[in-house]
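Since the structure comes first, as structure tokens, the remarks are kept for the end.
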There are 2 protein chains.
Amino acid sequence: MFFHFRDRYPQLNVFWEKYQPFLRRMELPAKKVLLEEGKRSQQYIMIEEGCVRAFFNSNGEEKTVQFFFEKQGLSSIDSFLNNVPSPFAIETIEPSVVSLLHKKYVIQLMDEMGQDPQSMKMLLQMAARRQQHYINELMSFVRDTPEQRYSNLLKDRPHIIQRVPQHYIASYLGVSAVHLSRIKAKLAKGNPHF
Amino acid sequence: MFFHFRDRYPQLNVFWEKYQPFLRRMELPAKKVLLEEGKRSQQYIMIEEGCVRAFFNSNGEEKTVQFFFEKQGLSSIDSFLNNVPSPFAIETIEPSVVSLLHKKYVIQLMDEMGQDPQSMKMLLQMAARRQQHYINELMSFVRDTPEQRYSNLLKDRPHIIQRVPQHYIASYLGVSAVHLSRIKAKLAKGNPHF
DNA sequence: GCCGGGCGATAACATATGTTATCAAACTGC
DNA sequence: GCAGTTTGATAACATATGTTATCGCCCGGC
């Protein structure tokens, strides 16, 4: 689903730089929808400042799938390559600045990479890593209790807990907001000074 | 994690056929381990007959991640490309016949594909689809109750329920074997003739 | 300064799920 | 065919989690 062209694979920046002129920079308020659930994704989204989330609707309730922050890029690669509707929506959490790159340039960019087997391999590696990310999330759901998942989040990605409203985190962890509150209370009892 | 070279992408069979001579065919009893958790994957596994599962150990309990049947191929693509230990084990469920292709041939095969941008694109599409598969699994965990997940399984992949012992299915659904029994009893009450 | 909304904590109760134990049926190796 | 193992059902009890409602706090608009 999501590809990160920058950061992890600086060797690919040479491709990315070339498309800088086609970026559309936008300043957005909080809770601004960037992609609606069920629509076909048309833009690669690069976050310059702020943060966004991917979520979907489940009988009236919003379930958050993932959070993204500055310097991260995202797009529904499946929607791009296979032209299928996006199974989730994307919206800003904080007021944010993003740069959009239209789908056609992304495909063009990937075609250029296709000329170079080395870059293409890197794309595949990225794909394998992304796949592994979701497998890890899945394994965490099967293996860990919500309390453990919260502890892991606190340990590995505390910035999420600091910046994101708690009910989004609750739905990301797969529990109700009330129960997340209980979890925090329980953990606080164990570690009084936090 | 898992790549299917055959079936879904018959255009790629031309590559696959070429490596037929290097396949090692094996007949295996049930519960035979093909890959241990934590080891680096060395073989692409093609299932000719029978079925296998991928699982991992979570404080003494085995949690099943996925099931595979005849004509499906699997391997830890992440373990291949990035040479990292496999986060789960693979073992047969039924007595099975499998063909193994050593990692070095798989990499060779992928290099050959790399010469052909069209095939490479197909590999990326496969990757995108596989990624989507795990995202769907993840979304199902967040969205659905165990009862709904069981119903979905019954509707979409009944062969799994027919062939696989129930406690494996329970761990795949993320519930205890006892509770899966309750779920079945409850559903049977609603549909007496099943 | 006031007001309303969003956010988070907590309580009380209902439901879902885990755990342990027991039993019966089906299958396995010999 | 027999003994042991695997599988699946069920009961009883403990725990985890959801739901609804209420309260207080903070913050932004005016």
Side-chain angles (χ1 to χ4, degrees), chain A residues 29-32 51 53 55 58-64 67 91-95 140-151 153-154 160-192 194, chain B residues 27-32 50-51 53 55 58-64 67 91-96 140-151 153-154 160-192 194:
Chain A
K31 299 204 178 192
K32 176 77 179 176
C51 65
R53 69 189 182 110
F55 67 98
S58 161
N59 9 336
E61 262 188 293
E62 291 184 353
K63 306 285 190 173
T64 300
F67 302 103
E91 74 171 22
T92 56
I93 294 174
E94 306 171 354
S140 170
F141 261 95
V142 178
R143 183 198 324 115
D144 304 329
T145 64
E147 183 176 328
Q148 287 172 308
R149 283 209 301 287
Y150 180 78
S151 295
L153 199 63
L154 196 55
I160 291 183
I161 291 171
Q162 283 156 18
R163 288 176 64 174
V164 174
Q166 191 162 311
H167 58 283
Y168 293 156
I169 295 178
S171 81
Y172 170 71
L173 294 175
V175 299
S176 66
V178 173
H179 191 61
L180 178 52
S181 219
R182 275 196 289 247
I183 288 172
K184 287 178 72 170
K186 189 178 166 194
L187 289 177
K189 195 171 281 179
N191 298 352
F194 282 124
Chain B
E27 303 198 7
L28 302 169
K31 299 204 177 193
K32 176 77 180 176
C51 64
R53 68 189 182 112
F55 66 98
S58 161
N59 11 335
E61 261 187 293
E62 291 184 353
K63 307 284 190 173
T64 300
F67 302 103
E91 76 171 23
T92 57
I93 294 175
E94 305 171 353
S96 305
S140 170
F141 262 94
V142 178
R143 185 201 319 117
D144 303 330
T145 65
E147 185 177 326
Q148 287 172 308
R149 283 209 300 287
Y150 179 78
S151 294
L153 199 62
L154 196 54
I160 291 183
I161 290 172
Q162 283 155 19
R163 288 176 64 174
V164 173
Q166 192 161 310
H167 58 283
Y168 294 155
I169 295 178
S171 81
Y172 170 71
L173 294 175
V175 299
S176 67
V178 174
H179 192 61
L180 177 53
S181 220
R182 275 196 286 248
I183 288 172
K184 287 177 71 171
K186 188 178 167 195
L187 289 178
K189 194 171 283 181
N191 298 350
F194 281 125

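Lettering of chains follows the sequences in order, A, B, ..., and the numbering in each one begins at 1. What you see below is based on every heavy atom in this structure, not just the backbone, and it leaves out hydrogens, waters and symmetry mates.
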What's the closest nucleotide to the A/S176 side chain, out of D/dT10, D/dT19, C/dA9? D/dT19
Closest to the side chain of B/H167, out of D/dG8, C/dC7, D/dA9, is D/dG8
How long is the line joining [atom1] of [X] and [atom2] of [N], in whole Å?
X      : N      : atom1 : atom2 : value
B/E94  : C/dC27 : CD    : C1'   : 14 Å
B/Q148 : C/dA16 : CD    : P     : 12 Å
B/R163 : D/dT7  : CZ    : P     : 15 Å
B/E61  : C/dT19 : CD    : C1'   : 10 Å
A/D144 : C/dG18 : CG    : P     : 14 Å
B/H179 : D/dA16 : NE2   : P     : 16 Å
A/I161 : C/dC7  : CD1   : C1'   : 16 Å
B/K186 : C/dT17 : NZ    : C1'   : 12 Å

Tell me whether the side-chain N/O atoms of B/Q166 come closer than 4.0 Å to OP1 or OP2 in D/dT6. no
Short side-chain N/O contact from B/K184 to OP1 or OP2 of D/dA9, under 4.0 Å: yes
Give a yes or no on whether B/K63 atom NZ has more than 12 heavy-atom contacts from other residues, nucleotides or ligands under 6.0 Å away. yes
Check this for me: B/E27, atom CD, are more than 12 non-hydrogen atoms of other residues, nucleotides or ligands nearer than 6.0 Å? no
First of B/V164 and B/R182 reached from the 5' end of DNA chain D, by closest nucleotide: B/V164
Residue met sooner reading DNA chain D from 5', once A/P146 and A/V178 are mapped to nucleotides: A/P146
Enter the distance from B/E147:CD to B/I183:CD1 here, rounded to the nearest 0.5 Å. 6.5 Å
Salt-bridge contact B/R53-B/E91 (side-chain N to carboxylate O under 4.0 Å): yes
If we only count heavy atoms from C-beta on, is the A/Y172 to A/I160 side-chain gap below 4.5 Å? no
